[in-house]
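Note that the numbering runs from 1 along the sequence shown for the chain.
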Amino acid sequence: MRRFLPSLSALHAFDAAVRYLSFTKAAEDLCITQSGISRQIRNLEEFLGVTLFERAGPRIILTAAGRAYYEEISHLLDRMEEVSIDAVRGRTTEDFLRIGMSPTLARRWALPVLKHFARAEPEILFEVVACPNTQDPTDFDANLFFLRGVGNWAACRSHLLFEEDLVVVGAPALLPAQGFLAEDDLRRITLIQNVSRPSLWMHWLRAADIPFTGPILGPRFSVTDMIIEAAIAGMGLAVVPESYVLAELADGRLKPAFPQRCSSGEGFYMCCPEAFMSQNGVAAFRRWFLAEARRRNLLPAPRPTARDDPAA
């Protein structure tokens, strides 16, 4: 019996029309004429026996039936595309080691090591996926994580990479040519805020034993990478993990505003759910990454803790 399936051309046209809510733009995307898009949509509506779009002059409006159909069919189109790409490259996405980490940590710390791993172990394919530094490893589709915390994730094996030390940095134009700012300077200079970690300034001030009263005011950014770039641009002072700005401190784009380096009480960990420890590539990646990171002096000697994984 023949399957009750619409043509793939009609589904392509429907998908593009929904994404753009414009037959003209859908036609441009698929490199066909607008009349071709209209014809494919009409054929699909006749095949299904429902109206997918309402026409209101030059505008098109997705109907309730069209919206419900798209919610179902879009997942199938995504899956069909994924399977087709897997067939072309001869590997499925399940063959990839999925590594979760924040984009800032990836760009500012991990990428140099990952580059060398890709060259040294070309048979182990990996995919880096963005996740928050505080992601629950048991609630995210990845095999291995680089996370910030205290190392107590349930059903996971974690290895402390380095403690998080916080520093206050600013562009050289905001700071004295020699030495550091005075504590009173904090009242006249803009203090850049971290939306996702709003207590960082108060934590650093308390740990640095600097008495500060009054509002802490300044532009707010939700991503540490943006905060660092704002500091480089001279927008103000920023509290950031020292490990994120080593290159900028070395080349002079940023300078420490105060001499105090203060622990946040957390650290960065390589974390692997127990369920994935025996998977191909996971153990090899953990061993190689730790050895290479130490060789490249990317891992400060951590303070011993009971949370460390001695077998790693």
Let me check something: any side-chain donor-acceptor pairs from residues 50-62 under 3.5 Å, sequence neighbours excluded? List them with distances.
residue : atom : partner : partner atom : Å
R55     : NH1  : E45     : OE2          : 3.4
R55     : NH1  : F53     : O            : 2.8

Apply side chain to side chain contact (heavy atoms under 4.5 Å, CB included) to L166 and V240, showing your working.
CA-CA 5 Å; L166 302 174; V240 295; over 6 Å; no
Quick check against the 3.5 Å criterion: does Q178 have a side-chain atom that pairs as donor or acceptor with the backbone of P176?
no
Residue pair G66 / T63: nearest heavy atoms and the distance that separates them
N-OG1, 3.0 Å
Sequence neighbours left out, cut at 3.5 Å: what donor-acceptor pairs do the side chains of residues 7-17 make with other protein atoms?
residue : atom : partner : partner atom : Å
S7      : OG   : A10     : N            : 3.1
D15     : OD1  : Y70     : OH           : 3.0
D15     : OD2  : R19     : NE           : 3.1
D15     : OD2  : R19     : NH2          : 3.4

Ring centres under 6.0 angstrom apart (F145, Y269):
no
Got a sec, which residues hit salt bridge (charged side-chain N to carboxylate O under 4.0 Å, His left out) with R261, two or more places apart in sequence or on another chain?
D165, E242
Provide the full list of salt bridge (charged side-chain N to carboxylate O under 4.0 Å, His left out) pairs with a residue in residues 169-195, sequence neighbours left out, each pair given once.
D185-R188
One pair to check against side chain to side chain contact (heavy atoms under 4.5 Å, CB included): N133 and L147. What are the steps and the verdict?
CA-CA 5 Å; N133 271 321; L147 301 173; 5.7 Å; no
Classify the ring geometry between F146 and F285 as parallel (under 30°), tilted (30 to 60°) or perpendicular (over 60°).
perpendicular
Between F162 and F268, does a ring-ring contact (aromatic ring centres under 6.0 Å, His included) hold up when you go through it step by step?
CA-CA 6 Å; F162 52 88; F268 285 91; 5.1 Å; yes
Do L175 and L237 have side chains that get closer than 4.5 Å, going by heavy atoms?
yes
Report yes or no: does R98 contribute a side-chain atom to a donor-acceptor pair with the main-chain N or O of V129 at less than 3.5 Å?
no
Do Y244 and V128 belong together in a cluster built from hydrophobic side chains that touch within less than 4.5 Å?
yes
Can you sort out the partners of T33 under side chain to side chain contact (heavy atoms under 4.5 Å, CB included), two or more places apart, ordered by chain and number?
S35
Side-chain donor-acceptor pairs of residues 199-223 under 3.5 Å, sequence neighbours excluded:
residue : atom : partner : partner atom : Å
W201    : NE1  : I192    : O            : 2.9
H203    : NE2  : S263    : O            : 2.9

Are M226 and L254 grouped together when hydrophobic residues (ILVMFWY) are joined by side-chain heavy atoms under 4.5 angstrom apart?
yes
Would you check if the side chain of S158 reaches a backbone N or O of G151 as a donor-acceptor pair within less than 3.5 Å?
yes
